[in-house]
Amino acid sequence: MKAKETASKTTAQILRDNVCTLFNLLNLLIAIALIAVHAWSNLFFIFVIALNTVIGIAQELKAKRLIEKLTLLSQPNAKIERNGMIQSVPIAEVQEQDILLLESGNQICADAIVHSGGIEVNESLLTGESDAIFKKAGDTLLSGSSVISGTCQATVLHVGSDSYAAKLTKEAKKTKAMHSELVGSMRKVTRLTSLCIVPLGILLFVQALFFRDSSMYDAIVGTSAGLLGMLPKGLYLLISISLAAGIITLSKKNVLVQDLYSLENLAHVDVLCLDKTGTLTEGNMKVEKAVLFPETDSATFQEWMGNFLTHTQDNNATFQAMHTYFDGMDTLSVTEQIPFSSDRKWSAMTFSGVGTLVIGAPERLSPEKLPESVLEAQQNGKRVLLAGITQHPVQKEQPLPEIQLLAEVILTDPLRANAAKTIAAFQQEGVSVKLISGDNPMTASAMAQQAGIFQGDRWVDMRTVADSEMDAAAAQYTVFGRVTPQQKKQLIQAFHRQKHTVAMTGDGVNDLLALKEADCSISVGQGSDAARQTAQLVLLDSDFAVLKDVLLEGRRVVHNVTRSAGVFFIKTLYSILLCVLCLLTNTPFPFVPIQITLIDLVIEGYPSFFLSFLPDSQPVRTKFLPEAIRRAAPNALAIGVCFLFYLVLHAMGIFGLSGEQTQANTLLFLLIGTVGLLGVFKMCLPFTKVKVFFAATSAIGFYFAIALCLWLQQHLLHLDILHLAVPTGTTLLFFGLFAIVAILTASIFSRTLFKQKR
């Protein structure tokens, strides 16, 4: 069998995704045009783009190596019989004709056919149906389905590309990846710039060449500068690097990120749904005591329980705890058994000449009235099972007949370390925590209150909730008990209808539908094979406390990228605006590519790259694209107003035409750089020492680069690097005036047109 595919991209995909982009294609075409007219000094942007691409590839490859390393730790083994020997092997080493030994909680890793035993399987992730399907000898098993109950031996039929193996998780993740707001927004920006760049480029070129009689060199250089300004070239890189940095950080804490965009999704989460057993609690079940009812004979009960546990096909944490507490026996003949399932919530075994012993939830064995001792134990957060005997037939899909109760089996399962602290942290961050459990609602509520879940005393028994009442229940209650796998999914859907972004944590097969439905799905390392393979995030150490780190990493990415985009989009918006104004007034585009490259490098790239690593734990309350445009548009419009002001001065004869090595070009370049720096200062609010450093060095770097290039041009190299004229006193005076106009205009636009909703 082939090695299991990881959720990370292949090396070829990383190279392709970073190199073969629309922005890179447009930049390449612009570079070819500049080479054709020998505009060599304006080609520096190609080296910047190449550096960006190399950095992006290196960061993603580093994240890929960490993901693959952790995937090996998370990858389940398969228990097989080969050549008469039972062994545990990685699922990648399962071969055709091997005998799979399957039990509850296993994910079926290859297509197979049952030849002995019987199991109930969940094929929901293949078919979308959550009903348990019983498989007996001769029935086919599909890889990607999961064992709910029972045990069996099955012969492997197909492995690798011939089976359904690995399609389950990979396809689910592909679907969720499309929910990335950042990527979706950038695709909109790409489509917009693509629609603008081609017609505007053609019009600028034709106008320069035929309406202003410019040379081919001037026409191509001016058009190239306008088109380069429209492209937010470094923003895609920034998103990739930020997400990859988050993956690297979490990998060091043994969090396996199986979906790149799950970090972004978790940043928007405002409802966290927790499964109880194995997620909120340790999943380390222990039988505290067994309390016999008055008519029960102790020796007889011990014999029945011992035989039940010797022959049962169930192996979940509850039955493992009972195995430890009760002594196994083999004195009775078993004629039939029904394994436990999350839907039935009971297990039964028929002994020849004795009757059928049933073990399960108190509400199923004693539906009329629960004993007071059971209620008291449940109110203290303990799990209670009842054991009873019946002489009537017991059928899988029918209600239980009248049962003579024999004993209460009381189990305990402690909260995970730091669970209360972690839940408190989420609630402080504005995230509502809901407990969704198949356990008794009173037991779940008691555990919720012990964990500090806000309004943990507001519980509901989901057996009493109709499908039509699901939305009301989701809004009213905090703890949901006796939840079926289908109801877990329905609750997630109800939260979605109420406009919530939902994260779901789970560890068992009964959580699969909900995990797939959630915006962000999380499993623990101790969870079932199926849950770990389905979840977007796996906490390999089963350390519940690390969830807060995942939330904060997601918020860091979204906040920092949004703020940076507010700087990148300033240039995109004013470039489109200036191109339109130049076309309408038959004015040459006022900049050349090398000048745009300096803006890209010093004002956009430098501060955004380093500030993207700073923590930011504030809740995400805005959408990426509207917020980025809200930040950028006032500054871009201010530049448009100042350009119109310049055109008026030009018409009055005060300033000459813009172009290379002109005072107008120097004035306008200083202006767009200064307005861009205002965007950097806005990005750095509220100021810290680190932010002040990067804002200050960005400003110093911009003005120093201009001064250095002009000094080299005049005194040493005599090479016109930036194609700027040395500013005169008049130019500097007007620059100060333009800067004041730009600041006032941007401020007015911010307060009126783009005022943020409170």
(request) For atom CZ of F134, decide whether the heavy atoms of other residues, nucleotides or ligands shown that lie under 6.0 angstrom number more than 12. (result) yes
(message) Counting C-beta onward and ignoring hydrogens, is there a side-chain heavy-atom pair between L539 and N254 closer than 4.5 Å?
(response) no
(message) To the nearest 0.5 Å, what is the distance between CE on M349 and OG1 on T310?
(response) 8.5 Å
(request) Decide, yes or no, whether a salt bridge links K488 with D275 under the criterion of side-chain N to carboxylate O below 4.0 Å. (result) yes
(message) F301 vs F326, test: side-chain contact (heavy atoms from CB on, under 4.5 Å). Steps then yes/no.
(response) CA-CA 10 Å; F301 176 72; F326 294 99; 3.9 Å; yes
(request) Decide if atom CD of E376 counts as having more than 12 heavy atoms of other residues, nucleotides or ligands within a radius under 6.0 Å. (result) no
(request) Could you tell me the separation between the OG atom of S347 and the CD1 atom of I359, rounded to the nearest 0.5 Å? (result) 6.5 Å
(request) Verify, without hydrogens or angle tests, whether N307 (side chain) and E303 (backbone) share a donor-acceptor contact under 3.5 angstrom. (result) yes
(message) Taking G438's backbone N and O only, do any of them form a donor-acceptor pair with R482's side chain (distance below 3.5 Å, no angle check)?
(response) yes
(message) Among L102, I113, V147, exactly one meets side chain to side chain contact (heavy atoms under 4.5 Å, CB included) together with L141. Which residue is that?
(response) L102
(message) Can you tell me if D327 has over 12 outside heavy atoms packed within less than 6.0 Å of its CG?
(response) no
(message) Is the shortest side-chain heavy-atom distance between Q153 and V114 below 4.5 Å?
(response) no
(request) Return the minimal non-hydrogen interatomic distance between L551 and V431, and the atom names on each side. (result) CD2-CG2, 4.5 Å
(request) Give the minimum heavy-atom separation between D111 and S143, together with the two atoms involved. (result) OD1-N, 3.0 Å
(request) Please confirm whether the backbone N or O of K421 pairs with a side-chain atom of N418, one donor and one acceptor, at under 3.5 Å? (result) no
(request) Measure from NZ or CZ of K434 to the centre of the six-membered ring of F480, then state whether that distance is under 6.0 Å and the direction lies within 45° of the axis. (result) no
(message) Going by the rule side chain to side chain donor-acceptor pair (under 3.5 Å), which residues pair with Q337 if we only count those two or more places apart in sequence or in a different chain?
(response) none
(message) Strictly distance-based, threshold 3.5 Å: is any side-chain N or O of T464 a donor or acceptor partner for the main-chain N or O of D461?
(response) yes
(message) Tell me whether S366 contacts the main-chain N or O of E363 through its side chain, where contact means a donor paired with an acceptor under 3.5 Å.
(response) no
(message) Taking salt bridge (Lys or Arg N to Asp or Glu O under 4.0 Å) as the definition, give me every residue that meets it alongside E336, ordered by chain and number, with sequence neighbours left out.
(response) none
(message) Tell me every residue that passes side chain to side chain contact (heavy atoms under 4.5 Å, CB included) with S523, counting only those two or more places apart in sequence or in another chain.
(response) A531, R532, A535
(message) T324: which residues meet the side chain to side chain donor-acceptor pair (under 3.5 Å) condition with it, sequence neighbours left out?
(response) none
(request) Would you confirm whether E517, through its side chain, and L491, through its main-chain N or O, come within 3.5 Å as a donor-acceptor pair? (result) no
(message) When you measure from the side chain of H158 to the backbone of A112, do you find a donor-acceptor pair of N or O atoms at a distance under 3.5 Å?
(response) no
(request) Provide the closest heavy-atom pair for V269 versus V271 in the form atom of the first, atom of the second, distance. (result) CG1-O, 3.3 Å
(message) Less than 4.5 Å apart, side chain to side chain, heavy atoms only: is that true for R416 and D543?
(response) no
(message) Between T155 and I99 (side chain of the first, backbone of the second, donor and acceptor by atom type, cut-off under 3.5 Å), is there such a pair?
(response) no
(request) Only one of T335, T390, T356 passes side chain to side chain donor-acceptor pair (under 3.5 Å) with T350; say which it is. (result) T356
(message) Would E408 and S373 count as a side-chain hydrogen bond (donor to acceptor under 3.5 Å, both in side chains) here? Give the steps.
(response) CA-CA 9 Å; E408 303 170 11; S373 56; 2.3 Å; yes
(request) Give a yes-or-no answer on whether the side chains of Q449 and S445 include a donor-acceptor pair shorter than 3.5 Å. (result) yes
(message) The criterion is side chain to side chain donor-acceptor pair (under 3.5 Å); which residues satisfy it with E120, sequence neighbours excluded?
(response) S149, R344
(request) Using side chain to side chain donor-acceptor pair (under 3.5 Å) as the criterion, point out the one residue from T443, D439, N440 that pairs with R383. (result) D439
(request) Compute whether any side-chain donor of one residue and acceptor of the other, for S333 and S352, lie under 3.5 angstrom apart. (result) no
(request) Could I get the full list of salt bridge (Lys or Arg N to Asp or Glu O under 4.0 Å) partners for K79, not counting sequence neighbours? (result) none
(message) Any non-hydrogen side-chain atom of V550 less than 4.5 Å from a side-chain atom of V255?
(response) yes
(message) List the residues meeting side chain to side chain contact (heavy atoms under 4.5 Å, CB included) with Q395, not counting sequence neighbours, and say none if there are none.
(response) Q398
(request) For D457, check side chain to side chain donor-acceptor pair (under 3.5 Å) against everything at least two apart and list the hits. (result) none
(message) Are I403 and I389 packed together at the side-chain level, in the sense that at least one heavy-atom pair is separated by less than 4.5 angstrom?
(response) no
(message) Using every non-hydrogen atom in the two residues, find where T478 and F454 come nearest and quote the distance to one decimal.
(response) CG2-O, 3.5 Å
(request) Work out which heavy atom in Q378 is nearest to a heavy atom in A446; give both atom names and the distance. (result) O-CB, 4.0 Å
(message) So which atom in G506 and which in L515 form the shortest heavy-atom distance, rounded to 0.1 Å?
(response) N-CD2, 3.9 Å
(message) Which residues pass the salt bridge (Lys or Arg N to Asp or Glu O under 4.0 Å) test with D98, not counting sequence neighbours?
(response) R82
(request) Without swapping roles, check the side chain of N380 against the backbone of A377 for a donor-acceptor pair under 3.5 Å. (result) no
(message) Is it true that, when you exclude K396 itself, more than 12 heavy atoms of the residues, nucleotides or ligands shown sit nearer than 6.0 Å to its NZ?
(response) yes
(message) Tell me every residue that passes side chain to side chain contact (heavy atoms under 4.5 Å, CB included) with A420, counting only those two or more places apart in sequence or in another chain.
(response) none
(request) Just jot down the side chain to side chain contact (heavy atoms under 4.5 Å, CB included) partners of Q490, sequence neighbours excluded, or say none. (result) D467, M470, Q486, Q487, Q493
(request) Please round to the nearest 0.5 Å and tell me the distance separating atom CD of Q455 and atom OG of S432. (result) 8.5 Å
(message) Any heavy-atom pair between the side chains of L101 and I80 that's under 4.5 Å?
(response) no
(request) Taking D314 for its side chain and P339 for its backbone only, find out whether a donor-acceptor pair lies under 3.5 Å. (result) no
(message) Just to verify, what does K253 make a salt bridge (Lys or Arg N to Asp or Glu O under 4.0 Å) with, not counting sequence neighbours?
(response) D549
(request) Quick one: do L386 and V374 satisfy side-chain contact (heavy atoms from CB on, under 4.5 Å)? Show the steps, please. (result) CA-CA 9 Å; L386 291 183; V374 171; 4.0 Å; yes
(request) Return yes if a side-chain donor-acceptor contact under 3.5 Å exists between N265 and D519, otherwise no. (result) no
(request) Classify the ring geometry between F308 and F319 as parallel (under 30°), tilted (30 to 60°) or perpendicular (over 60°). (result) parallel
(request) For the residue pair L406 and M305, establish whether any side-chain heavy-atom pair is separated by less than 4.5 Å. (result) no
(message) Are I108 and S146 packed together at the side-chain level, in the sense that at least one heavy-atom pair is separated by less than 4.5 angstrom?
(response) no
